[in-house]
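For reference, the structure discussed in these notes is given below.
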Amino acid sequence: MPFTADTPLLNRVNDPADIRDFSIEELEELAEELRRFILLSVSKTGGHLSAGLGTVELTLALHHVFNTPDDRLVWDVGHQSYPHKIITGRRDRMPSLRQRGGLNGFPKRSESAYDTFGVGHSSTSISAALGMAIAAKLNHEDRHSVAIIGDGALTAGMAFEALNHAGDLDANLLVILNDNDMSISPNVGGMSNYFAKLLSGKLYSTVREGSKKVLGTMPSVWELARRAEEHVKGMVIPGTLFEELGFNYIGPIDGHDMDTLVKTLRNLRTLKGPQFLHVVTTKGKGYAHAEANPCTYHGVGKFDPGSGKMETKPATGPTYTQVFGQWLCDMARQDEKLVGITPAMREGSGLVAFSEQFPERYFDVGIAEQHAVTVAAGMACDGLKPVVAIYSTFLQRAYDQLIHDVTIQNLPVLFAIDRAGVVGPDGATHAGSFDLSYMRAIPNMLIMAPSDENECRQMLSTGFAHEGPAAVRYPRGQGPGVKPAADLSTLPVGKAELRREGKGIALLAFGCVLAEALEVGEERSASVVNMRFVKPLDEAMVLDMAANHDLLVTLEDNVVMGGAGSAVNELLMQHKTLVPVLNLGLPDYYQEQGSREELLEEAGLNKDGILAAIDRFVQDNKLAKQATLA
């Protein structure tokens with residue numbers, strides 16, 4: 001692919017209506033221009049690359065054939081949505097992608113009428129598109145609903161729940177499976193493309209429906225015809241499952257063959273009821289580096305498009321994810337009962353080394369968070385020691401299993417919760433803002449938040465040794481640079497650490513905000529406590545700070561409501577301790593994308609923000625006291 005910004009056709013496209021009169025040849029040229037534009041744009045901003053490069057032709061064909069936005073397109077997860085964003089009026093805003101105040105990295109309803117459903121987590125598209133199809137039917141609107149879902153997202157039970165429901169209805173729904181994990185040999189691919197166009201055509205559909213009516217009075221003949229049809233299809237296509245669910249299955253077809261895509265979609269647009277189109281694409285299509293390493297180029301920072309070399313910042317120490325990965329391998333060598341579980345996040349959660357060194361004890365369950373938690377519970381019932389590595393935002397999807405299957409039975413499952421608190425460029429859908437609140441309400445949970453890398457390792461050992469459910473939640477990226485010890489030592493459960501003794505103000509810091517608390521403590525001569533444990537709280541420490549200070553300030557990178565600060569408030573009320581408390585944490589709204597530093601500043605969790613909040617609180621309380629005296 002030539003790395004040039006020369007895109008004459010793309011420059012003419014400001015709306016999908018602009019491409020509806022394009023010929024197949026023009027669409028093919030536009031696809032090449034769009035692919036170059038994506039590559040150059042993402043190389044400057046970072047973002048999701050491989051998925052979008054693989055869906056260029058499919059995106060153009062969909063907008064060419066369907067009357068968007070009246071016809072609804074729902075993209076699953078949204079990693080592949082950059083081509084869609086560019087041709088729906090947002091081309092000139094691509095330099096702001098995933099930056100504060102700029103374009104969101106995922107489809108977002110408030111951003112464009114063409115983003116019909118906001119996404120960021122996988123496997124929601126079929127349910128959402130089905131809901132839209134039902135609404136169209138009940139509202140007597142003649143429009144189409146299309147869900148585009150990747151093969152990985154079909155590992156989630158929710159996708160099959162939606163397929164099962166859709167097959168039982170007569171709603172006009174088209175599900176497109178973007179399959180980028182299989183290959184079609186040229187001969188089979190050509191035959192499959194031909195059959196797809198034939199089987200989606202009006203003639204075939206008419207004959208098929210007519211035959212059902214005629215042969216319906218002759219059950220044995222109809223059964224013979226049905227089986228013959230399945231046998232012919234089965235020689236070319238693997239669609240029996242979807243046919244059994246009630247869909248008319250078409251494919252697989254080459255997702256980079258524009259002519260086949262357009263003709264097949266046109267045919268499908270005329271059919272009624274649930275349709276299923278199987279499209280085979282190549283991740284990273286057109287960019288050799290991404291085709292060779294699609295996982296590496298799935299989500300990227302800034303990089304040189306010519307060499308493929310990515311910009312790297314000098315590492316000052318391991319990330320929290322790397323600390324976890326090393327701990328997992330070290331503990332696995334010590335305890336053969338340890339098993340590691342991930343819901344399709346091996347690389348992101350730091351399990352690559354573990355999967356290679358202990359393959360028989362490594363379990364990637366696919367995008368199935370609910371199953372990940374319950375299978376861990378089953379393992380724990382019979383003597384294994386499961387460690388579930390999961391992002392904070394994805395653990396939300398298994399909340400019932402956390403309660404019903406793990407904590408009610410008080411099973412020893414350790415949750416290593418990555419990307420807790422403020423995450424950054426991925427925006428609201430990926431923020432780990434709520435885990436302290438939603439876990440703290442659950443009985444039997446041991447909840448820890450490390451302030452540095454060594455403490456993270458110690459807490460993982462503590463949780464693993466705990467005879468019940470335990471969670472260690474840690475942020476994305478690097479910590480303050482404290483080198484983890486080589487041993488597997490534990491911490492005393494429920495014990496905080498006084499890091500600075502001062503007077504007047506006591507700062508109670510939960511997790512990674514300790515660094516900012518120490519800076520504030522130095523400036524205001526305040527006491528600073530590294531709380532370490534959210535549940536159980538170090539009650540003695542909190543009550544001692546309350547008895548000897550004029551103001552308590554709680555700090556956490558979690559929403560204020562129901563979080564660690566709320567736990568402190570409840571304790572003080574229980575003991576009828578009257579001391580002013582200022583709770584600082586993440587705000588009661590969804591923060592948009594931005595850097596971690598920008599979002600912490602917005603939340604007032606940097607040094608200046610904390611100082612300003614303390615000053616406002618003190619001033620307001622003075623005014624309130626004066627008003628009471630008056």
Side-chain angles (χ1 to χ4, degrees), residues 316-317 320 421 436 447-459 462 472-475 478-485 489 491-558 560 563-569 571-572 575 577 579-586 597 600-601 603-618 621:
T316 57
Y320 281 101
L436 295 185
I447 308 171
M448 297 167 277
S451 62
D452 61 47
E453 300 89 336
N454 185 53
E455 202 164 68
C456 182
R457 184 176 170 95
Q458 291 175 309
M459 287 180 176
T462 303
V472 181
R473 55 97 70 176
Y474 44 89
Q478 295 179 319
V482 178
K483 184 179 180 180
S489 60
L491 295 172
V493 173
K495 293 299 179 183
E497 173 191 37
L498 181 63
R499 291 291 295 269
R500 189 185 191 282
E501 191 165 3
K503 57 183 180 180
I505 299 172
L507 301 163
L508 310 182
F510 293 86
C512 64
V513 290
L514 177 65
E516 287 77 14
L518 288 169
E519 291 180 5
V520 172
E522 286 296 322
E523 184 152 331
R524 293 297 168 87
S525 299
S527 295
V528 179
V529 180
N530 176 19
M531 290 300 297
R532 288 178 167 170
F533 292 84
V534 177
K535 189 175 186 179
L537 274 180
D538 188 336
E539 296 187 0
M541 177 69 79
V542 173
L543 294 174
D544 180 61
M545 291 296 107
N548 294 288
H549 294 81
D550 302 319
L551 171 65
L552 299 187
V553 181
T554 66
L555 300 166
E556 60 191 300
D557 62 335
N558 183 85
V560 172
S566 293
V568 171
N569 298 346
L571 173 66
L572 296 175
H575 287 269
T577 302
V579 60
V581 183
L582 171 60
N583 299 131
L584 298 180
L586 300 180
E597 293 72 26
L600 287 174
E601 180 183 1
L605 288 177
N606 59 351
K607 175 187 172 184
D608 291 341
I610 296 168
L611 288 169
I614 291 172
D615 290 341
R616 285 194 304 270
F617 186 84
V618 170
N621 274 268

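- Residues Glu497 and Glu455 are in side-chain contact: their nearest non-hydrogen atoms beyond the backbone lie under 4.5 Å apart.
- Considering CD of Glu539 and CG of Leu572, their distance stands at 10.0 Å, rounded to 0.5 Å.
- Here the closest non-hydrogen pair linking Ala496 and Asp538 is N-OD2, 2.8 Å.
- When side chains are defined from C-beta on, Pro475 counts as touching Tyr320, because their heavy atoms get closer than 4.5 Å.
- When side chains are defined from C-beta on, Ile614 counts as touching Leu507, because their heavy atoms get closer than 4.5 Å.
- In this structure the side chain of Arg457 never reaches within 4.5 angstrom of the side chain of Glu453, judged on heavy atoms.
- Taking every heavy atom of both residues into account, Val560 and Gly585 meet most closely at CG2-N, 3.4 Å.
- Taking CG of Leu508 as the start and CE of Met545 as the end, the distance is 8.0 Å to the nearest 0.5 Å.
- In plain terms, the two heavy atoms of Pro580 and Phe617 that are nearest each other are CB-CE2, 3.8 Å.
- Counting only heavy atoms from C-beta outward, the side chains of Val568 and Phe510 approach each other to under 4.5 Å.
- Here the side chain of Asp452 pairs no donor or acceptor atom with the backbone of Val482 at under 3.5 angstrom.
- Looking at every heavy atom in both residues, Val472 comes nearest to Pro450 through CG1-CD, 4.0 Å.
- In this structure, Val542 and Met531 have side chains that are in contact, with non-hydrogen atoms separated by less than 4.5 Å.
- For the pair Ser566 and Asn583, the minimum side-chain heavy-atom distance is 4.5 Å or more.
- Between the Gln478 side chain and the Gly317 main chain, a donor and an acceptor come within less than 3.5 Å of each other.
- For residues 541-550, the set of pairs meeting the side-chain hydrogen bond (donor to acceptor under 3.5 Å, both in side chains) definition, not counting sequence neighbours, comprises Ser527-His549, Asp544-Asn548.
- Across Leu498, Leu518, Leu555, a single residue satisfies side chain to side chain contact (heavy atoms under 4.5 Å, CB included) together with Val528, and that is Leu518.
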>> Working note: Glu556 + Val534, criterion side-chain contact (heavy atoms from CB on, under 4.5 Å); need CA distance, chi angles, decisive distance, verdict.
In response: CA-CA 10 Å; Glu556 60 191 300; Val534 177; over 6 Å; no

>> Test side-chain contact (heavy atoms from CB on, under 4.5 Å) on Ile505 and Leu552; report intermediate values, then the result.
In response: CA-CA 6 Å; Ile505 299 172; Leu552 299 187; over 6 Å; no

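- Side-chain N or O atoms of Asn454 include one that pairs as donor or acceptor with a backbone N or O of Ala485 at under 3.5 Å.
- Residues Val520 and Val553 are not in side-chain contact: their nearest non-hydrogen atoms beyond the backbone lie 4.5 Å or more apart.
- For the residue pair Thr554 and Gly565, the shortest heavy atom distance occurs at OG1-CA, 3.5 Å.
- Note on residues 509-524: pairs passing side-chain hydrogen bond (donor to acceptor under 3.5 Å, both in side chains), not counting sequence neighbours, are Arg500-Glu522, Glu523-Lys607, Arg524-Asp615.
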> Step by step, would you call Leu582 with Val618 a side-chain contact (heavy atoms from CB on, under 4.5 Å)?
Replying inline: CA-CA 10 Å; Leu582 171 60; Val618 170; over 6 Å; no

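- Residues Ala564 and Leu436 share a closest heavy-atom pair of CB-CD1, 4.4 Å.
- For Gln458, the side chain to side chain donor-acceptor pair (under 3.5 Å) test picks out no residue, with sequence neighbours left out.
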